[in-house]
Amino acid sequence: MAEPGRGWRLAAPVLVLLAAILAWQALVTWRELPVWLVPSPAVVARTLVADRVLLLDSLGVTLGIALAALALAVVLGVATALLFVQSRWLEMSLFPYAVLLQVTPIVAIAPLVIIWVRDTRLALVLCATVVAIFPVIANTTLGLRSVDPGLLDLFRLSRASRWQQLWRLRAPSALPWFFGGLRIASGLALIGAVVAEFVAGTGGAGAGLAYQILLAGIQLNVPRLFAALVLITLAGVAMFAAVAWVSRIALRRWHESELERA
Amino acid sequence: MDARRRPRRQGAPLTQGGSAPPVLEARGVAKTFRTGTAALAGIDATVRAGEFVTLLGPSGCGKTTLLNLFAGLAAPSSGALRWWGEPAPPDDPARRFGYVFQAPTLMPWTTIASNVRLPLDLAHVPRPRADAAVAEALALVGLTGVDRHLPRELSGGMQMRASIARALVTAPSLLLMDEPFGALDEFTRERLDAELSELWRARGLTVVFVTHSIAEAVFLSTRILVMGARPGRLLADIPVAAPFPRDDDWRTSVAFAQLARRVASRVREAGAEAHG
Ligand SMILES: Nc1ncnc2c1ncn2[C@@H]1O[C@H](COP(=O)(O)OP(=O)(O)OP(=O)(O)O)[C@@H](O)[C@H]1O
Ligand SMILES: [Mg+2]
């Protein structure tokens, strides 16, 4: 089968989306579904415009938390991975706790974090970081270890220092793995931010999208709930796309995963 | 390679045989891996300055293991090695010898020039001097105009040349080569063999070369060490007296065929012993 052209990479999913929206609109119109049960796409769009100040403010809050968490997860995750490759002992002793962090549901830890950390915004960032950090640690560690043994011998023959080996060999080798982890982490950071907001239930000026969804649910303001949902989804897709773009820029010249077909 | 354009020295081979100082020595060297595999046992060998010594033997007989011992990448389980008469590998191995791996082993994320420059960069050689050495090494292996290319943009044979250039960039006097042309087609291999032979002569290098190919060994070497398997050991030490430069006339000569047959029979014995 022929490779689909480059244009289709974007066009195909957009067409699917348009079809889905049309089907949704048709279903709502045809079955005359009440707006408090399933609002039509048109109503959701109208709500997005009408409530834009409130919703965009909240989007900003949630996105801010997710991005801060992603940044923190990258810094801490890469630092941890660098520590792990320095010593098998460190990795052996600490990796299980990284796993523990990963498997513990965030809803179970979030209340504690929120109690312990006075600043709510910071607490939310920490919770989202906990959710997002594992793929960064795991992938980067694996990447830093997945070095061509021949190149490793070459570095040893050249009496390369540990530092040279790390920066000239291990770090570039780990890059594709790191970006793989980052893609997963970008989605998780947003999920973490939303879940933590749900648990915290903070309203007022600094309310995020999760709080808007919570409130809209209670008030049976389903169109606004949908509008908030749409924004969260768009934010997630945008974060993923941004990471994918950076990864592409960094790897497209040499790595198999991003090679451009001539 | 560029070496071919220099005036050829006709006549006697460069090898100085018994008189030249030893570069590499192995005395009663054995290597047993942690898995219990006895890869080498009782290896006694001397490689003298200016020699082109080929290690020839069936797969798994320990050729790579021996080369790694010579490179100081592994330590023998027993026995002793000497480098230029010293009991320890040199402090600056990259300056003293170049190691060419079976695969090109280039860093895929960076250019050919910076791949070739790597040993100099690691030794903190100043950039202008390093760049000059890189240009010279690339010209020596006949790779020009691809400095800024990435490895994947080169053919397999060109990648192998880049790998050889990297081994030569520190101007070492000794080359350790582990089946460098094993993955190439016969046509390319024969051409690179001829170029390597010229390079060895022109630069007065000492080469330890690993191969599966009897024809390649007879074409290149001043001496062939036939190895047997399980445990790996030296079965025969066959000098190849034909003069240099060697070319297709040598490849098609009667003496070549006779020698190849003699080597082949020793290799077959080695194989039979390994399976018997
Ligand atoms: N790191 C290792 N650990 C355990 N056994 C090893 C290791 N490296 C090599 N061996 C074993 O030692 C023996 C010799 O291996 P070596 O790679 O030196 O063979 P070779 O002659 O280079 O073979 P080939 O021509 O196929 O490359 C083999 O039986 C191999 O299984
Ligand atoms: Mg081998």
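Numbered from 1 within each chain, the chains take letters A, B, ... in sequence-line order. Everything numeric in this text was worked out from a predicted model, so none of it was measured.
For the pair A:Leu154 and B:Arg166, the minimum side-chain heavy-atom distance is below 4.5 Å. Contact check for A:Gln164 versus B:His124: side-chain heavy atoms found under the 4.5 Å cut-off. You'll find the side chain of B:Trp109 stays beyond 4.5 Å of the side chain of A:Leu175, heavy atoms only.
Taken from OG1 in B:Thr105 to CG in A:Asp153, the straight-line distance is 9.0 Å, to the nearest 0.5 Å.
Results of the side-chain contact (heavy atoms from CB on, under 4.5 Å) test with A:Ser158 over B:Leu118, B:Asp121, B:Leu122, B:Thr170 single out B:Leu122 as the only residue that passes.
B:Leu73 approaches A:Arg156 most closely through the heavy-atom pair O-NH2, 3.0 Å. Looking at every heavy atom in both residues, B:Ala71 comes nearest to A:Leu157 through O-CD2, 3.4 Å.
Neither the backbone nor the side chain of A:Ser161 comes within contact range of chain B, judged by heavy atoms closer than 4.5 Å. For B:Leu120, no part lies near chain A; criterion is any non-hydrogen pair under 4.5 Å.
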Does the side chain to side chain contact (heavy atoms under 4.5 Å, CB included) test come out yes or no for A:Asp148 and B:Met107, once each step is laid out? CA-CA 9 Å; A:Asp148 181 335; B:Met107 298 179 288; over 6 Å; no
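Heavy atoms from other residues, nucleotides or ligands lying under 6.0 Å from CD of A:Gln86 number more than 12.
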